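Note on naming: letters A, B, ... go to the chains in the order of the sequence lines (proteins, then strands), and numbering restarts at 1 for each one. In this text the structure is predicted, and so the values were computed from the model without any measurement.
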2 protein chains.
Amino acid sequence: RRFCSRRATTDGLLFRQMFESESSTYTYLLADAETKDAVLIDPVLETIDRDLKLINELGLNLTVAVNTHCHADHITSTGLMKKRVVGLKSAISKFSGASADIHLSEGDKISFGKHYLTVRDTPGHTDGCMTLVSNDQRMAFTGDALLIRGCGRTDFQQGCPKRLYESVHQKIFTLPEHCLIYPAHDYTGRMVSTVGEERMFNPRLTKSLEEFVKIMNNLNLPKPAKIDISVPANLVCGLHEV
Amino acid sequence: RRFCSRRATTDGLLFRQMFESESSTYTYLLADAETKDAVLIDPVLETIDRDLKLINELGLNLTVAVNTHCHADHITSTGLMKKRVVGLKSAISKFSGASADIHLSEGDKISFGKHYLTVRDTPGHTDGCMTLVSNDQRMAFTGDALLIRGCGRTDFQQGCPKRLYESVHQKIFTLPEHCLIYPAHDYTGRMVSTVGEERMFNPRLTKSLEEFVKIMNNLNLPKPAKIDISVPANLVCGLHEV
Ligand SMILES: [Fe+2]
Ligand SMILES: [Fe+2]
């Protein structure tokens, strides 16, 4: 039963995964089905209308919009969303260097109704990367730290392969093997994995630290198309004066 | 709790939704986590390697590959998959006009381990459209009969708006309101809905039959780019001699 991917059976948890196709980003909506309090993870500027329409239809009270890190490939909608949702607070890691209403670090909780997400610092892709773990440890939102059969690059934005390797092994691979992995991106239509699967099949993170560092230092990827726009924008919740 | 979207809590059900970006098609993998017997719904030719790799990694025994209907927008991989997976059987509606190992109709079951999917005939987009409902009625794979806040078109392939309206109202909207709707497509990054949501917010199917028919007869959509290749190919499980 290592790879069983049943969704969180937590009572009264509303969950939605959504995709933004230009940057291949996943946005996650979680809510308490009773109280209607909701959290949005990694919302993208291009899909703000879709996301707010669904939130309204479902009658949710969006209280926190959180970024797993300061993204380089798309602009977050958290800043604009704050202008459109009364009382909404933005959140990001205190190690991100970005402004937000809430600065998070290891062990902090984001509560919504009777549910919460716990912050695990997982730096390496950037200094301020977090993994958000559901209270029942059945779901982990890993941002760009751990992708499905991959991981975020480490060649810009304070990237450090050794730190990333340690983050994944110490903070993500130590979760229960059935814990579902929900990444910030996938480029081939996969939507979810599990800790057990990634421990066994991740082509990079199953390697030794030395091999991993060598792989990551030799990817020779082009610079992300939008990095010079996205990073400055995301340092201020997407609300830049360009 | 109308819109609670908890995934099937059925014990030991492995479930994966995957996306093919060229035709915006969702492929679904379901398996019994104990016996490893698996069913694949609407697999696409372009993503056959991705799908088979995952099935192999998970150690699954793929027994049935089923199409919800004879697709016009992409070529199915079921024929090619049969050549690569020993014992695999293809399945489709007996009203589709397509060849396959198994021809299905109302009430038929597709079993995998202790789980099964039940066929509901939902014609209207095509004559041979089926909705596949999980044994616990927590998930319905609606093909192109019901899409998220939409529905399949009715202007080719035996399309009939009145039949589609009746199919959705009689066979899908009668499912429990928390039943998750997994469609064959979405074009804006949404992955799942519920019966309750669509009953309330579907902009077409909340209308009267008369209004629905008028809407569907005035969409003025272009012909699908691949219809002249896809339909003949899909009538023979994607294995055409073009
Ligand atoms: Fe990133
Ligand atoms: Fe179709």
Undergrad: Test side chain to side chain contact (heavy atoms under 4.5 Å, CB included) on A:Leu54 and B:Glu197 and set out the steps.
TA: CA-CA 10 Å; A:Leu54 179 64; B:Glu197 268 179 66; 3.8 Å; yes

Undergrad: Under 6.0 Å from the NZ atom of B:Lys226, do we count more than 12 heavy atoms belonging to anything else shown?
TA: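 More than 12 within 6.0 Å, yes.
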
Undergrad: Give a yes or no answer on whether the side chain of B:Arg50 reaches the backbone of A:Thr188 with a donor-acceptor pair at less than 3.5 Å.
TA: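 Such a contact is found between B:Arg50 side chain and A:Thr188 backbone.
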
Undergrad: Among all residues two or more places apart in sequence or in another chain, which pass the ring pair (Phe, Tyr, Trp, His ring centres under 6.0 Å) test with A:His74?
TA: A:His71

Undergrad: In Å and rounded to the nearest 0.5 Å, what is the OG to CD distance from B:Ser193 to A:Glu57?
TA: 8.5 Å

Undergrad: With respect to chain A, which residue among B:Arg190, B:Met18, B:Met191, B:Glu20 yields the maximal number of heavy-atom pairs within a distance under 4.5 Å?
TA: B:Met191

Undergrad: Which atoms form the tightest heavy-atom contact between B:Arg16 and A:Thr194, and what is the distance?
TA: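 Shortest heavy-atom contact: NH2-CG2, 3.6 Å.
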
Undergrad: Only counting residues at least two apart or in another chain, list the ones meeting ring pair (Phe, Tyr, Trp, His ring centres under 6.0 Å) with A:Phe19.
TA: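 Only A:Tyr26 meet the ring pair (Phe, Tyr, Trp, His ring centres under 6.0 Å) criterion with A:Phe19.
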
